[in-house]
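Report on the following structure.
As the structure is a prediction and not an experimental result, all values here were calculated from the model.
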Amino acid sequence: MTMIGEMACPEGGVEEHGEVEEQKMQRKYTVSAVPTLNAAAVVGYALTSKKIKSFLQPKLERLARQKGILFVAIDPSRPLSDQGPFDIVLHKLSGKEWRHILEDYRQAHPEVTVLDPPDAIQHVHNRQSMLQDVTDLNLSDPYGTVDVPKQLVIKKDPSSIPDAVNKAGLRLPIVAKPLVAKSHELSLAYDESSLQKLVPPLVLQEFINHGGVLFKVYVVGEAIKVVRRFSLPDVSKRELSKNFGVYHFPRVSCAAASADEADLDPGVAELPPGPLLERLAGELRRRLGLHLFNLDIIREHGTQDSYYVIDINYFPGYGKMPEYEHIFTDFLLDLVRRK
């Protein structure tokens, strides 16, 4: 997820905001015919009911059992050290209490792989820091360039936004997103006077015309998978002069709006070059300290090789990724072998 790519059915960021209590109530344990002692990998999971439903689908669990992977639900109300033993802890819960529990567990059990470190996850939950590693990377090679849209952080005083936008040199229209990535909502402001109607804290980004298509790059360890999604349409100068106010979008780039089978202009639909994505994903995996994330990428309309990362989501909706069952189970087994 974001700027232009966020009508995105629960896919990223924070669909599970602060829901440890829900998990405590749930007490759902996955039953497997594979005894723990004979399992190739025991994966403890701490997920909300929504994430369990979207990720732990029957096809994944069947394939996992065939490969000797045992999924066991974690009870966040009990000490983690009293549960398991685990080879891997897979989680997507939020809140300070849960982060402290995980950090203590990581210190006490360095032999267990935690996917992923809480501090690294927090880094991409803040849109002020989320894209900084992409900027620092300054990626440019024969396959193209990767940058981020020009952006500005506004923490308070909406009346100051028009002046701040002018000083920062941001051009209209402007995309506004919550500073903390706990929602896929975004707004598009067409004129300067409407900017002060926005509600901080938020991040403002220049809208970049991109043919109405974005690319979701799913990263699972060293594996990457790319899918197309429809996005907000381009805004012409004529449309910009005729439109006023702020338009709100609850979600963009929903999986139901897949652009993979659509009849699109090849210049818009062509996937970014594989070598470029592999280099980008590899560098960000190292810099972010994350194994599980996705990138929302757009290609500037009218260019062949000018790309922008507009959002990064931790542990996205992998259930929407083609062949995710095989990719994910191979990834888990590889982690255990490396240990």
Minimum heavy-atom distance [X]-[Y], with the two atoms named:
X: Leu333; Y: Ala41; answer: CD2-CB, 4.4 Å
X: Pro316; Y: Asn294; answer: CB-OD1, 3.3 Å
X: Ile69; Y: Val43; answer: CG2-CG2, 3.9 Å

Can you tell me how far apart [atom1] ([X]) and [atom2] ([Y]) are? Round to the nearest 0.5 Å.
X: Leu139; Y: Leu276; atom1: CG; atom2: CG; answer: 5.5 Å
X: Leu60; Y: Thr329; atom1: CG; atom2: OG1; answer: 7.0 Å
X: His125; Y: Ser94; atom1: NE2; atom2: OG; answer: 7.5 Å
X: Tyr190; Y: Tyr247; atom1: OH; atom2: OH; answer: 6.5 Å

Contacts of type salt bridge (Lys or Arg N to Asp or Glu O under 4.0 Å), residue Asp330, not counting sequence neighbours: Lys67

Residues forming a salt bridge (Lys or Arg N to Asp or Glu O under 4.0 Å) with Asp305, sequence neighbours excluded: none

Polar side-chain atom of [X] near backbone of [Y] as donor-acceptor pair, under 3.5 Å:
X: Gln83; Y: Asp75; answer: yes
X: Arg127; Y: Lys177; answer: no
X: His210; Y: Ile208; answer: yes
X: Glu103; Y: His100; answer: no
X: Lys197; Y: Pro158; answer: no
X: Asp87; Y: Val336; answer: no
X: Asn166; Y: Pro162; answer: yes
X: Asp191; Y: Phe244; answer: no

Mutual orientation of the aromatic rings belonging to Phe328 and Phe331 [parallel < 30°, tilted 30-60°, perpendicular > 60°]: perpendicular

Aromatic ring pairing Phe315/Phe55, orientation class (parallel under 30°, perpendicular over 60°, tilted between): perpendicular

N-O pairing of Lys167 and Asp163 below 4.0 Å: no

Can you confirm whether [X] sits close enough to [Y] that some side-chain heavy atom of one is under 4.5 Å from a side-chain heavy atom of the other?
X: Ile298; Y: Asn209; value: no
X: Leu292; Y: Tyr318; value: yes
X: Ile310; Y: Leu295; value: no
X: Val72; Y: Val42; value: yes
X: Lys216; Y: Lys320; value: no
X: Tyr307; Y: Asp147; value: no
X: His91; Y: Val114; value: yes

Stepwise side chain to side chain donor-acceptor pair (under 3.5 Å) test for Asp136 and Gln132: CA-CA 6 Å; Asp136 294 343; Gln132 187 58 50; 2.8 Å; yes

Verify same cluster id: Val203, Leu288 (apolar side-chain graph, 4.5 Å): no

Side chains of Gln205 and Lys150, donor plus acceptor under 3.5 Å: no

Neighbour count above 12 (heavy atom, 6.0 Å) for [X] [atom1]:
X: Arg238; atom1: CZ; value: no
X: Gln304; atom1: CD; value: no
X: Glu270; atom1: CD; value: no

Ile74 and Phe86: CA distance, side-chain angles, deciding distance, side chain to side chain contact (heavy atoms under 4.5 Å, CB included) verdict: CA-CA 10 Å; Ile74 287 170; Phe86 304 119; 3.8 Å; yes

